[in-house]
Amino acid sequence: MLAVKGNREVRIEEHEKDAYLNDGFDIYSDDIELIDKANPGELKISVLEEENAKLKLENVELKKEISNLKGQITKLKKNKSDDDSEQ
């Protein structure tokens, strides 16, 4: 049986199949028939978790910025209404 990933081919035994699948290899029989495909969702979990953490941090920062900008808008509106009432 063969484990194939990109241009890499490795001859493996049946008991090694799951390990190679988890490493992103597709499994083929000796007759070059596809037996099992790699689980791409499992391969990307750590990448997705890292991206999720970055997005959560960015979200917190953006919420702070929105709050700051809303405060500035409120001050500007107040200053404008004070100027209008003086005239």
Side-chain angles (χ1 to χ4, degrees):
M1 141 180 333
L2 292 172
V4 178
K5 181 177 182 181
N7 64 350
R8 219 173 129 200
E9 294 181 10
V10 180
R11 188 160 296 282
I12 63 169
E13 299 294 323
E14 179 70 30
H15 67 275
E16 299 173 296
K17 178 180 159 186
D18 289 335
Y20 277 90
L21 281 170
N22 289 335
D23 286 339
F25 285 79
D26 295 331
I27 307 299
Y28 291 85
S29 70
D30 290 330
D31 299 326
I32 316 300
E33 292 182 28
L34 181 64
I35 296 174
D36 211 345
K37 287 200 65 78
N39 302 321
E42 292 178 18
L43 296 174
K44 297 180 181 180
I45 289 175
S46 62
V47 173
L48 292 175
E49 287 173 344
E50 182 178 325
E51 185 176 338
N52 186 32
K54 287 179 185 176
L55 290 173
K56 284 183 177 182
L57 179 61
E58 182 181 7
N59 188 31
V60 168
E61 291 171 355
L62 289 172
K63 285 182 177 182
K64 287 179 184 176
E65 185 177 349
I66 288 170
S67 178
N68 183 25
L69 291 172
K70 283 182 178 179
Q72 290 178 10
I73 290 171
T74 304
K75 286 179 185 177
L76 288 172
K77 284 182 178 179
K78 183 179 181 211
N79 289 343
K80 185 176 185 325
S81 66
D82 288 347
D83 290 344
D84 289 345
S85 64
E86 289 177 2
Q87 292 177 1

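Between D23 atom CG and L21 atom CG the span is 9.0 Å, to the nearest 0.5 Å. Atom CG of N59 sits about 8.5 Å away from atom CG of L55, to the nearest 0.5 Å. Taken to the nearest 0.5 Å, the CG atom of L62 stands 11.0 Å off from the NZ atom of K64.
Two residues are said to be in side-chain contact when any heavy atoms from C-beta on lie closer than 4.5 Å; K80 and L76 fail this criterion. Side-chain atoms of I35 and K17, non-hydrogen and from C-beta on, do get closer than 4.5 Å to each other. Proximity of N68 to E65: side-chain heavy atoms (C-beta onward) are nowhere separated by under 4.5 Å.
The salt bridge (charged side-chain N to carboxylate O under 4.0 Å, His left out) check on K75 picks up nothing, with sequence neighbours excluded.
Applying the 4.5 Å side-chain rule to ILVMFWY residues, one finds that L57 remains a lone member of its cluster.
Cluster membership check: V4 does not share its hydrophobic cluster with Y20, using side-chain heavy-atom separations under 4.5 Å among Ile, Leu, Val, Met, Phe, Trp and Tyr.
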Please set out all donor-acceptor pairs under 3.5 angstrom arising from side-chain atoms of residues 25-33, sequence neighbours excluded.
from, atom 1, to, atom 2, distance (Å)
D26, OD1, A38, N, 2.9
D26, OD2, K37, NZ, 3.4
S29, OG, D31, N, 3.2
S29, OG, E33, N, 3.2
D30, OD1, M1, N, 2.6
D30, OD1, R11, NH1, 2.9

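For CD of Q72, the number of neighbouring non-hydrogen atoms (other residues, nucleotides, ligands) closer than 6.0 Å is greater than 12.
Using a distance-only test at 3.5 Å, with no hydrogens or angles considered, no donor-acceptor pair links the side chain of S67 to the main chain of K63.
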